[in-house]
Amino acid sequence: MKTLTSLLLIALCAVGTSCVGSRKMSGARERLNTIKETQALEASQVKQISSTTQKKLKDNKIDSIINSRFDFRVGRIHIEIDSVSGEIAFLDSLMANKKDFRKTYKNIIIPKLATLDSFRNESLKRKQVYLMLEDGINTANYTLFDLAAFFGPGKYAIPEGQEEIATNSFAPLVDSVIKFSEKYKNFNQTATLVILGFADGTGFDPQSALYAELAGLIGKVPVSKQELNKKLSELRALTLIKQLQKQFLSKTGTGKTAAPVNVEYLAIGKGEELPFSSISNYKDEDERRRIVLCYWAILPK
């Protein structure tokens with residue numbers, strides 16, 4: 001009789017232990033599935049941001065530098081999401097059978113689930129970052145400044161008497177950057193302004209003061225027409241940067257927006273490169289080539 005009772009007790013304990021183990025596995029699986037859902041939704045959202053960025057680049061709405069800034073910021077998110085994917089896959093493997101689950105539940109599964117729960121709990125903060133990135137790439141575009149209004153052939157400085165026209169031309173761009181920055185003022189931000197200067201195909205008189213000035217800046221003589229126009233276009237881009245900096249200073253009083261944003265200005269001379277591939281009838285001496293394009297974007301740090 002005692003033997004039978006003992007066997008019954010052992011059987012009941014085994015059943016009880018099995019039930020407890022099943023409940024633990026079920027609970028762990030439920031937590032993991034919730035984390036999976038969060039990770040999958042975020043991965044889809046980040047993939048869409050990357051897709052939109054590539055389309056903007058293809059459509060010339062952003063340039064390669066702005067694209068690289070988005071790629072870098074989104075890349076950091078991808079690293080975190082991929083790391084979470086790896087942890088999820090590892091836990092899936094441990095939950096594939098009860099034996100592995102029992103052996104690893106306390107020392108591996110529970111700590112990893114706690115870490116992944118922290119990831120899930122921070123989802124709302126990350127979604128705010130994604131929202132800013134989505135808004136940033138959807139807002140990103142270029143502003144064209146027609147320098148024919150200021151510069152004649154071979155010129156790169158805004159002439160006296162044209163300062164007010166220049167100020168009025170640049171104000172909308174500055175206002176757009178400040179407005180976007182203020183919209184996300186709770187984020188530490190970096191604003192990137194890429195200024196691309198262009199020149200037409202006009203040649204230079206080797207005896208002229210402009211030739212001597214540009215050659216001196218390039219650091220060699222003789223120098224080709226293409227090299228001279230590249231330096232000239234770079235100077236035009238730098239002129240625009242100086243004007244934009246003045247505008248930011250006058251708007252904010254500090255050179256920065258009220259939001260915690262750092263502004264980086266990048267001036268690049270494109271020389272005789274054609275500004276738009278969609279225009280097929282450019283000429284060598286063509287004022288449509290004496291322009292500056294400004295691309296900008298603001299990204300969370």
Side-chain angles (χ1 to χ4, degrees), residues 57 60 62-72 142-163 165-167 169-170 173-174 177 190-250 255-256 262-277 279 282-297 299:
L57 179 63
N60 294 318
I62 61 173
D63 81 311
S64 59
I65 294 175
I66 296 294
N67 178 64
S68 70
R69 296 295 190 271
F70 273 98
D71 277 351
F72 178 76
Y142 66 83
T143 301
L144 185 155
F145 295 99
D146 182 2
L147 298 187
F150 311 127
F151 308 148
K155 304 295 184 180
Y156 63 85
I158 297 175
E160 292 184 12
Q162 299 292 320
E163 291 87 352
I165 296 175
T167 297
S169 298
F170 302 147
L173 170 63
V174 174
V177 173
T190 297
T192 300
L193 282 77
V194 180
I195 319 297
L196 306 180
F198 294 84
D200 60 25
T202 302
F204 297 81
D205 178 359
Q207 304 304 316
S208 67
L210 179 61
Y211 180 98
E213 179 187 4
L214 295 176
L217 291 171
I218 294 170
K220 68 174 186 177
V221 175
V223 61
S224 70
K225 176 174 74 73
Q226 289 75 20
E227 290 173 309
L228 291 166
N229 272 320
K230 186 173 179 63
K231 177 56 69 174
L232 177 63
S233 67
E234 180 186 332
L235 294 174
R236 287 172 172 168
L238 288 169
T239 294
L240 181 56
I241 281 180
K242 291 176 183 177
Q243 185 66 34
L244 287 172
Q245 288 173 326
K246 288 180 183 178
Q247 293 281 86
F248 274 108
L249 187 62
S250 67
K256 295 182 179 180
N262 296 314
V263 183
E264 63 169 346
Y265 301 89
L266 302 173
I268 301 172
K270 305 295 283 187
E272 296 181 20
E273 290 185 31
L274 301 180
F276 298 107
S277 59
I279 298 178
Y282 282 120
K283 299 176 182 178
D284 277 349
E285 297 182 10
D286 193 328
E287 68 178 26
R288 292 176 300 172
R289 297 170 63 180
R290 295 200 301 275
I291 66 171
V292 167
L293 296 177
C294 178
Y295 294 89
W296 68 272
L299 299 178

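Between Lys230 and Gly269, the closest heavy-atom pair is NZ-O, 2.8 Å. Scanning all heavy atoms of the two residues, the minimum distance from Thr239 to Tyr156 falls at OG1-O, 2.7 Å. Scanning both residues, Ala267 and Ala237, for their nearest heavy atoms gives CB-CB, 3.9 Å. Of all heavy-atom pairs between Glu227 and Ile218, the closest is O-CD1, 3.6 Å. Shortest non-hydrogen contact noted between Leu244 and Cys294 is CD1-SG, 4.5 Å. The heavy-atom pair separating Leu210 from Gly154 by the smallest distance is CD2-O, 3.2 Å.
Contact of the Val223 side chain with the Tyr211 side chain is registered, since non-hydrogen atoms from C-beta on lie closer than 4.5 Å. Contact annotation: the side chain of Val263 never approaches that of Val177 to less than 4.5 Å [non-hydrogen atoms, C-beta and beyond]. Counting only heavy atoms from C-beta outward, the side chains of Phe145 and Gln243 never approach each other to under 4.5 Å. Phe170 places none of its side-chain heavy atoms less than 4.5 Å from the side chain of Thr143. Residues Ile65 and Tyr295 fail the side-chain proximity criterion, which asks for heavy atoms closer than 4.5 Å. Two residues are said to be in side-chain contact when any heavy atoms from C-beta on lie closer than 4.5 Å; Leu217 and Leu235 meet this criterion. Looking only at side-chain heavy atoms (C-beta outward), Arg290 and Arg236 come within less than 4.5 Å of each other. Between Leu193 and Phe248 the shortest side-chain heavy-atom distance falls below 4.5 Å.
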**OP:** Under the salt bridge (charged side-chain N to carboxylate O under 4.0 Å, His left out) rule, what do Lys231 and Glu234 come out as? Steps first, then yes or no, please.
**Re:** CA-CA 5 Å; Lys231 177 56 69 174; Glu234 180 186 332; 3.3 Å; yes
Original post:
Run the side chain to side chain contact (heavy atoms under 4.5 Å, CB included) check on Leu299 and Phe72 step by step: do they pass?
Top reply: CA-CA 10 Å; Leu299 299 178; Phe72 178 76; over 6 Å; no
**OP:** Before giving the answer on side chain to side chain contact (heavy atoms under 4.5 Å, CB included), spell out for Ile66 and Val194 the whole-Å C-alpha distance, their side-chain angles and the decisive distance to 0.1 Å.
**Re:** CA-CA 8 Å; Ile66 296 294; Val194 180; 3.9 Å; yes
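Residues Tyr282 and Phe198 place their aromatic rings such that the two centres sit no closer than 6.0 Å.
Of the inter-residue distances, the one linking Ile268 atom CD1 with Ser64 atom OG reads 7.0 Å to the nearest 0.5 angstrom. One distance of note links CG of Asp63 with CD1 of Ile195; it measures 10.0 Å at 0.5 Å rounding. Distance check, rounded to the nearest 0.5 Å: CG of Leu266 to CD1 of Ile241 gives 7.0 Å. Here Leu228 contributes atom CG and Leu214 contributes atom CG; the two are 5.5 Å apart, rounded to the nearest 0.5 Å. Here the CZ atom belonging to Arg289 is positioned 12.0 Å from the NZ atom belonging to Lys283, to the nearest 0.5 angstrom. To the nearest 0.5 Å, atoms CZ (Phe70) and CG (Leu57) are separated by 11.5 Å.
In this structure, the side chain of Lys225 engages the main chain of Gly201 through a donor-acceptor pair within 3.5 Å. Put simply, the side chain of Thr202 never gets that close to the backbone of Glu285: no donor and acceptor are under 3.5 Å apart. A donor-acceptor contact shorter than 3.5 Å is absent between the side chain of Asp200 and the backbone of Arg288.
The local environment of CD in Glu264 is crowded, with over 12 non-hydrogen atoms from other residues, nucleotides or ligands closer than 6.0 Å.
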